[in-house]
Amino acid sequence: MTNRILTPDALEAALRAIGAERYHNLHPFHRALHDGKLNKGQVQAWALNRYYYQASIPAKDASLLARLPTTELRREWRRRLEDHDGTQPGTGGVARWLKLTDGLGLDRAYVESLEGLLPGTRFAVEAYVQFVRERSILEAIASSLTELFSPTIISERVAGMLGNYDFITEETLAYFKPRLTQAPQDSAFALAYVREHARTPEQQAAVLNALKFKCNVLWSMLDALDYAYVVPARIPPGAFRPDTQA
Ligand SMILES: O=C(O)c1cc(C(=O)O)c2c(n1)C(=O)C(=O)c1cc(C(=O)O)[nH]c1-2
């Protein structure tokens, strides 16, 4: 990084360039998932592992919420908690993700137990939660900016999976529809915050690094799935084995 201060527009362009180069839509496992190249067991493994990410998002948002200094910021961030945890049992993103794992024929208690999780998933998700807990508020908010890029991948995923797998229905993919409006709202707020508050070269470098870090979290979750479940599959001891659960 240079020591020059970027204008807010230049900072935003640099953030978008990171997404264009590093977002997980480019990962081979996602390409295979969306193009219908995976079998049901591999799709189950993706949904089961990604459950841990979904279930951890409200915990990371709650830890940030507790540190936010103003009513306005807390009110904004509280909405994310409600999006994921819902306002009553059976509502919210985590519950909707379980509809996806149900629809794929996975046992709910097994998914929620996290017993079948890949070690790589666990480490990546925990690194994200810890990053948000320990870094500055600016870096924590910047690390959510991968959501700038998620509506595109979600649209691709829904169309690709519905078209390519006979075991996938609109109902099983119901998780994603609300995200198409929630994610732009979340990322617009986070982007405006970062544009306004990342003023020094050091803060701007920290923001760019936070987004790279987050892209790495998402990428390594897919690396773990690719290594374990795509031929030659190398499933770690104790992790989900499609043949025993489907
Ligand atoms: O389907 C996806 O590819 C995808 C990506 C991301 C992301 O980029 O972090 C999120 C989500 N989905 C998502 O559903 C979600 O709730 C979410 C919350 C966050 C976050 O960092 O706070 N990212 C994402």
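One-based numbering along the sequence shown. As the structure lists them, so they are numbered: ligands from 1, and atoms in each ligand from 1. All figures in this text were calculated on a predicted structure; none of them were measured in a lab.
Distances below 4.0 Å separate heavy atoms of K214 from the following atoms of ligand 1: 9 (O), 20 (C), 21 (O), 23 (N). Those atoms of ligand 1 with a heavy atom of Q54 less than 4.0 angstrom away are 14 (O), 16 (O). Listed by atom number, the atoms of ligand 1 under 4.0 Å from Y128 heavy atoms are 20 (C), 21 (O), 22 (O). Which parts of ligand 1 touch L218 is read off a 4.0 Å heavy-atom cut-off, strictly below it: atoms 7 (C), 8 (O), 9 (O).
Counting non-hydrogen atoms of other residues, nucleotides and ligands closer than 6.0 Å to CD of E134 gives a total above 12. The 12-atom threshold is not exceeded at CD of E170, counting heavy atoms of other residues, nucleotides or ligands nearer than 6.0 Å. Summarising the local packing, CZ of F123 is surrounded by 12 or fewer heavy atoms from other residues, nucleotides or ligands at distances under 6.0 Å.
Where the criterion is an N or O separation shorter than 3.5 Å, residue side chain and backbone included, Y53 meets it with respect to ligand 1. The shortest N/O to N/O separation between H30 and ligand 1 does not fall below 3.5 Å. Checking only distances, H24 does come within under 3.5 Å of ligand 1, N or O to N or O. Considering backbone and side-chain N/O atoms, Y175 comes within less than 3.5 Å of an N/O atom of ligand 1.
R157 NH1, 2.6 Å is the protein heavy atom nearest to atom 1 (O) of ligand 1. Of all protein heavy atoms, the one lying nearest to atom 16 (O) of ligand 1 is H84 CE1, 2.8 Å. Looking only at protein heavy atoms, the nearest one to atom 8 (O) of ligand 1 is Y23 OH, 2.7 Å.
For W97 and Y175, the ring centers are positioned less than 6.0 Å apart.
Between E126 and R133 there is no salt bridge, since no side-chain nitrogen of the basic residue lies less than 4.0 Å from a carboxylate oxygen of the acidic one.
At least one side-chain heavy atom of Y229 sits under 4.5 Å from a side-chain heavy atom of F240. A 4.5 Å side-chain heavy-atom check between T101 and R108 finds every atom pair outside the cut-off. A 4.5 Å side-chain heavy-atom check between H30 and R157 finds at least one atom pair inside the cut-off. Looking at heavy atoms from C-beta onward, H34 lies in side-chain contact with I153 at the 4.5 angstrom threshold.
Residue contacts with ligand 1, taken as heavy atom pairs separated by less than 4.0 Å, do not involve D83 at all. Counting heavy atoms closer than 4.0 Å to ligand 1, residue N25 contributes nothing at all.
If you check each of V158, I153, T146, I57 against atom 7 (C) of ligand 1, the one with the closest non-hydrogen atom is T146. The heavy atom nearest to atom 22 (O) of ligand 1, out of those in R179, R50, Q182, K60, is found in K60.
Side chain to side chain, S144 and E147 fail the donor-acceptor criterion of an N or O pair below 3.5 Å.
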